[in-house]
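Presented below is the structure to which this report refers.
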Amino acid sequence: MRVGVVSGGNRGIGLAVVRGLAEDGFTAVLGSRDPDHGEKQAARLRDEGLDVRAQQLDVTDQASVDRLVYDVEAELGRCDVLVNNAGIIRQARASEMDPAVAEEVWQTNALGAWRLAVALIPMMRRAGRGRIVNVSSGAGSLASMGSYAPAYSVSKAALNAITRVLAAELRGEGILVNSVSPGWVASDMGGATAPRTLEQGAESVLWAVRIPDDGPTGGFFEDGEPVPW
């Protein structure tokens, strides 16, 4: 049995990743802030014969993260893959930054992903291998960053930095850590006019789950190809 945890797994790219993991034979843990919505989506996938379990998860709340880790350890005994997908976006102007908004976005998109990774790494270490995939964005690339959604863009750049420091520390332990841009995807966040489907975005993420043990770590990718930091 292999176990994969997906934060923000109840909709959009996260839900498509949950499906992809389960279709690959994983027991997929669907993390969702709203437990009722999470269970509804998990039940729909279970009706298709997929092994999906819903778990309440708010990555900004240490107690919620601790409960998830306790339940995964008690019920499944392992975690092979973490997909840090939970994210929020707030539109604003950088010159009119509201610290409360910036803090909300930072806590979810960057610190929340780091918090969840730290909590699950011990199980990966015991197994001697694992994958951590941080769902980033082209908006987080310093090479092309502009004025778009500044709190979001800065938080994704921070997530990329978290990828680098974790990958450097875990290099040689069999735990590969990468950032992935799913591209501009037609979702609640990306909007209906986006050119990529949820499935295409999820495949970009799942590529980093499926890489072999001698695959890359500490990189930033889209559709399996490196993108500028």
Side-chain angles (χ1 to χ4, degrees), residues 5-15 17-18 29-39 41 54-70 82-121 132-166 177 179-194 198 201 205 220 227 229:
V5 174
V6 182
S7 67
N10 59 302
R11 64 177 184 168
I13 294 170
L15 184 58
V17 169
V18 167
V29 179
L30 184 161
S32 171
R33 282 189 299 179
D34 181 339
D36 293 335
H37 190 208
E39 176 54 35
Q41 296 293 354
Q55 174 76 39
Q56 195 281 330
L57 175 62
D58 180 349
V59 297
T60 71
D61 180 358
Q62 186 66 52
S64 176
V65 170
D66 290 344
R67 281 194 300 272
L68 176 136
V69 173
Y70 178 86
L82 166 61
V83 177
N84 274 313
N85 171 74
I88 58 174
I89 189 168
R90 299 287 183 263
Q91 299 289 351
R93 292 166 58 89
S95 61
E96 300 168 357
M97 187 269 294
D98 180 342
V101 172
E103 177 69 12
E104 176 193 23
V105 175
W106 157 257
Q107 285 289 338
T108 300
N109 295 1
L111 192 60
W114 199 352
R115 178 182 291 114
L116 187 55
V118 167
L120 289 170
I121 283 170
I132 299 172
V133 183
N134 293 324
V135 180
S136 186
S137 168
S141 169
L142 295 175
S144 58
M145 188 179 294
S147 62
Y148 171 74
Y152 175 80
S153 296
V154 169
S155 73
K156 291 299 188 180
L159 181 62
N160 287 346
I162 291 165
T163 293
R164 295 286 286 183
V165 296
L166 283 177
V177 188
S179 284
V180 172
S181 168
W184 184 17
V185 171
S187 64
D188 289 347
M189 184 179 291
T193 60
L198 290 173
V205 175
F220 186 19
V227 294
W229 291 104

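A side-chain N or O of Ser179 and one of Thr163 form a donor-acceptor pair less than 3.5 Å apart. With no hydrogens or angles considered, a side-chain donor-acceptor pair links Asp58 and Thr60 at under 3.5 Å.
Annotation: side chain of Val227 is not in contact with side chain of Ser141 (no heavy-atom distance under 4.5 Å). Side-chain contact between Val118 and Trp114: present, with at least one pair of heavy atoms (C-beta onward) separated by less than 4.5 Å. A heavy-atom distance below 4.5 Å is found between the side chains of Leu166 and Ile121. Using a 4.5 Å heavy-atom cutoff, the side chains of Val18 and Val83 are not in contact. Between Leu68 and Leu120, the closest side-chain pair of non-hydrogen atoms falls below 4.5 Å.
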_Run the side chain to side chain contact (heavy atoms under 4.5 Å, CB included) test on Val133 and Val17 for me, step by step, so that the C-alpha distance in whole Å, both residues' side-chain angles and the decisive distance to 0.1 Å come before the verdict._
CA-CA 11 Å; Val133 183; Val17 169; over 6 Å; no
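For the pair Ser153 (side chain) and Tyr148 (backbone), a donor-acceptor distance under 3.5 Å is present.
By the side chain to side chain donor-acceptor pair (under 3.5 Å) test, Ser155 is found to be paired with Asn109, residues two or more places apart in sequence or in another chain being considered.
Counting all heavy atoms, side chain and backbone alike, Asn160 lies closest to Gly140 at ND2-O, 3.6 Å. Heavy-atom minimum distance, Asn84 versus Ala113: ND2-O, 3.3 Å.
Screening residues 91-110 for salt bridge (charged side-chain N to carboxylate O under 4.0 Å, His left out) gives Arg90-Glu104, Arg93-Glu96 as the qualifying pairs, with residues at least two apart or on separate chains.
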